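The structure appears right after this line, and notes come after that.
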Amino acid sequence: MILDEYQKKRNFGKTPEPRPGGGLPGTRTGRQFRFVIHKHDASHIHYDLRLEHGGALKSWAMPKGLPTPHDRKKLAIAVEDHPLDYLSFAGRIPEGQYGAGRMEIWDSGTYIPLDEPETAFGKGKLTLRLEGGKVRGEFTLARMKGGEGKGNEWLAILAKPEELNADLGAEGTAAPMPRGLRPMQAVLAGRPFSSADYLFEIKFDGIRALSYVNGGLSIMSRNLKEQAFRYPELADLAGHFLAGELIVDGEIVALDEQGVSHFQLLQGRINLTGKSEIAAAARATPAYYYVFDILYLNGRDLTQLPLSRRKEILSRLFMPHKHIRVSEWVEEQGEQIFHFARERGLEGIVGKRMAAPYRQHRSRDWLKFKAVRQQEFVIGGFTMPRGSRALFGALLLGVYEDGDLVYAGHVGTGFSEDMLQRLHAAMAPLVQEEPPFRVPPRPNEPAKWLRPELVAQVKFAEWTREGLLRHPVFLGLRNDMDPRDIVREEKILEKKEAAASGPREPSGPEVLPPFEHPPAGDMWLEVAGRELRLTNLDKELWPGDGRGERYAKSDLIDYYYRVSDFIVPHLAGRPLTLKRYPDGIGAGPFFQKEAPAETPAWLHTEAIPSESSGKRERIRYLVCDETAALIFIANLACIFQNPWLSALPDLARPDIIAFDLDPVDPDDFEACLEVALLLKDQLGGFGLRGYPKTSGATGLHVYVPVKTEYTFAQTRQFAELVSILCQHVRPDLVTLEQPVSRRAGSRLYLDFRQNVMGKTLASVYSPRAWPGAPVSTPLSWQEVQRGVKPADFTIANIPERLQASGDLFAGVLFDRQDLMEALRLGSRFLKTG
DNA sequence: GCCACGG
DNA sequence: CCGTGGCAACGCAGT
DNA sequence: ACTGCG
């Protein structure tokens, strides 16, 4: 019986594969027979071609897949005949069994023999046409001559490359093959969602690269640098597509033991140029290419097709292999995938709108959701190496809690070879007998303890209930931080998430791509259905000179547009005082409260009685509740936004207590940082959290969000009390004197007097009328501790910062604190102090 | 930035 | 036609 | 009552 060999190799008690003989012969019409191509993930990934013939399946194992236009001849090893039931078999063959590993159906369909099948199989040469769900084309199978024992070696040959999958030849539009395409990029989004309009993929942490296949292979990084030579293991990429000419999009990655990509692992390879170096690195840290899009195929531009169609085409053409893989995707279930990503310690996920075309820039059609967190940790020890690893195994990390170093978990991945050595050298002189931890951990490997002086930057998925890190990855050493300052950064966002676990928000704020505008003159812009006329876009607001970059009004509007999702929530409901700079920061600005005559009808205005001497008139204030309003206001050459400290509907009850830290010497920002920390301590005595931001000018603002329950008289009094305490602690540093002449001898004027109805401060994320267009930027307390330069935050880089770190001022929107409780807490503290 | 006013 | 003026205003504290 | 201040 021809299936004897099949039977002999298998134990049907253990393998799910079909027994021979049980199957139906199947229906067949004329000269059509059935075939299947299995993708078999055994000791090596390979493809198995099985052709129905003589009541069984003639089978070949094809280690490099089917022949393709790029690789017209590929080896095919004839293996034992399989039963017909194998046509529909898919499953996992268990460990220890013949052919152990996952067997999946990659393609199936019918084939038409183009010569006489009865004799062709025996002669060792047959030509056939495959009509599968994926493959449609003409192939020849020919037995090679070779010496003894070579009788099972065949060649699979693609007979007519130009006819392969010819049915796809009308997709897209005819175009010559482009060069230097830019990859489409995702916009950072907040909360993941589920939507039938989107598919979701894993976000890779590697090098984004477009691959051009056209005779040769070119792999281009985002900055259009050739990468193909650097990753020899990707060389046969071209041979894994069933088309001769194409452009695909994907990411080059290196994977850890868990199969998770980390850019750090690739770091050692990104600059190599020497051939032998590259070969060695490829052995030590192999690279993988995950393909997720197709932009061009056989003379046709596919970028205007919807993503869903591009995915279909890609999966028809692509034979994944060990180093060249397909990025799996799932439709609709964004939240589930995000959860999965976080569990596995993956960077995050990407949501892509299925109807969207491919665009060569950042677009909201692709949204990325980050699942990782990051902070600094003190290195308190390390474990001995295991296996092939040299020098050490993992770093033992800690954070300070009440003056003690508390163990926070260990990190054993993310080190480059070079970093491993540098770390070891840095740690060696710090070894000590005593563990530095309050409760020393007991790791599986023997540990060495260190004087807690080194600080590591680590990213991780989340804190476990036990307060340890889940999926930590080492990012780098920091030499700019005092280890004593390292504490667990309480994630306020987590609290928010927990509190908001009920009804779901659609998604968090996103940084928008710049809008397209003419370099000069006027234009109409439609924002969320609002028509806006933008004027004098080329008007220079910040002159370019030695002190700062040149920015035009278009840059201001562009900035506000991009960050609108972040700034609008901080402005919503708050009357604005306008300060307008129609002739730029060098010329005289003017104030305006009354909404200008050209204010569109849809823009929210609020008529508020003016308290001013006698006149019982009302002023129609602008209120910025939406992006379109923000853009309108920016077009008025309002460089920064001046919102009230109270919001509608109760303008008499502030929800923010503001402290304005104004250095006496404009260059003495150090004084601001120092006083901010002092203020943080004093607020802490009342159990209150403050949120710091640069003013954008010379100083710093600290906001304390409170419940909308107190009068301005109360908030002002409280601000005064806290300020007096600060002044009392550091009389050398802090003055509360209003007249400038009396501030001499102090370094900082602590202004609590702004807490009055109708008074304003420049809002968070507002650019300022100073050279270089600095932006009022929220800081983490870590940054206040370690020191920053306010001029480093400008309209040129804040969108990126927001994209990376989100809204550090989000607390001001929801962390409404109880002033009465604070006073109770503080009075206790005052009595004892 | 733009309107209203006056020359 | 052009040039120009207007476009905010609170409350505190010190005198 | 006037002024400086933000």
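All values below were derived from every heavy atom in this structure, side-chain atoms included, with hydrogens, water molecules and symmetry-related copies excluded. Bear in mind the structure is a predicted one, so any value in this text is a computation, not a measurement.
Residue D662(A) is out of contact with every strand shown, counting any heavy-atom pair closer than 4.0 Å. Looking at heavy-atom distances under 4.0 Å, R533(A) makes no contact with the nucleic acid at all. If you check every strand for non-hydrogen atoms under 4.0 Å, A597(A) touches nothing.
When rounded to the nearest whole Å, the span between CG of N755(A) and C1' of dG11(C) equals 13 Å. Atom pair D583(A):CG and dC2(B):P shows a separation of 12 Å (rounding to whole Å applied). Here the P atom of nucleotide dC10(C) and the CZ atom of F591(A) are 13 Å apart, to the nearest Å. Between D660(A) atom CG and dC5(D) atom P the separation is 16 Å, expressed in whole Å. Atom CD of E598(A) and atom C1' of dG1(B) are 7 Å apart (whole Å). Atom CG of D751(A) is separated from atom C1' of dA13(C) by 13 Å (rounded to the nearest Å). With rounding to whole Å, L622(A) atom CG is found 14 Å from dA8(C) atom C1'. Atom pair E594(A):CD and dG6(C):C1' shows a separation of 13 Å (rounding to whole Å applied).
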Just do the salt bridge (Lys or Arg N to Asp or Glu O under 4.0 Å) check on R801(A) and D792(A) with the steps written out, would you?
CA-CA 11 Å; R801(A) 178 178 163 101; D792(A) 289 344; over 6 Å; no
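Nearest to the side-chain atoms of K593(A) among the listed nucleotides dG1(B), dA8(C), dC5(D) stands dA8(C). Comparing atom distances between the I619(A) side chain and each of dA9(C), dC12(C), dG1(B) picks out dA9(C) as nearest. Out of dC2(B), dA13(C), dG1(B), the shortest distance to the side chain of R716(A) is found at dA13(C). Of all nucleotides listed (dC2(B), dA13(C), dG1(B)), dG1(B) comes nearest to the side chain of L541(A). Minimum atom distance to the side chain of R743(A) is reached by dC5(D), of the listed dG1(B), dC5(D), dA13(C). With dG1(B), dC5(D), dC2(B) as the choices, the nucleotide that has an atom nearest any side-chain atom of K539(A) turns out to be dG1(B). Comparing dA9(C), dT15(C), dG1(B) by their nearest atom to the side chain of R742(A) picks out dT15(C). In the set dC12(C), dA8(C), dG1(B), dC12(C) carries the atom at the smallest distance from any side-chain atom of Q738(A). Checked against dG1(B), dC5(D), dA13(C), the side chain of V740(A) finds its nearest nucleotide in dC5(D).
A donor-acceptor pair under 3.5 Å links the side-chain atoms of R580(A) to the main chain of L636(A), judged by distance alone.
For the OP1/OP2 pair of dC2(B) and a distance below 4.0 Å, the side-chain nitrogens and oxygens of T535(A) include at least one atom meeting the criterion. The phosphate of dA8(C) has neither OP1 nor OP2 within less than 4.0 Å of any side-chain N or O from N642(A). Contact annotation: K553(A) reaches the phosphate of dG1(B) (side-chain N/O to OP1 or OP2, under 4.0 Å).
In the interface, the side chain of Q592(A) is not paired with the base of dC7(C) through any donor and acceptor atom under 3.5 Å apart.
The shortest side-chain heavy-atom distance between V784(A) and L673(A) falls under the 4.5 Å cut-off. At a threshold of 4.5 Å between non-hydrogen side-chain atoms, the residues Q817(A) and P705(A) count as touching.
Mapping V756(A) and P739(A) onto DNA chain C by nearest heavy atom places V756(A) at the nucleotide closer to the 5' end.
Distance noted for atom P between dC3(B) and dA8(C): 16 Å (whole Å). Distance noted for atom C1' between dA9(C) and dG4(D): 14 Å (whole Å).
K707(A) has a carboxylate O that lies under 4.0 Å from a charged side-chain N of D818(A), or vice versa, which qualifies the two as a salt bridge.
In this structure, the ring of Y559(A) has its center no less than 6.0 angstrom from the ring center of Y765(A).
Residue R574(A) forms a side-chain hydrogen bond (donor to acceptor under 3.5 Å, both in side chains) with just one option from N642(A), D655(A), D625(A), and that option is D655(A).
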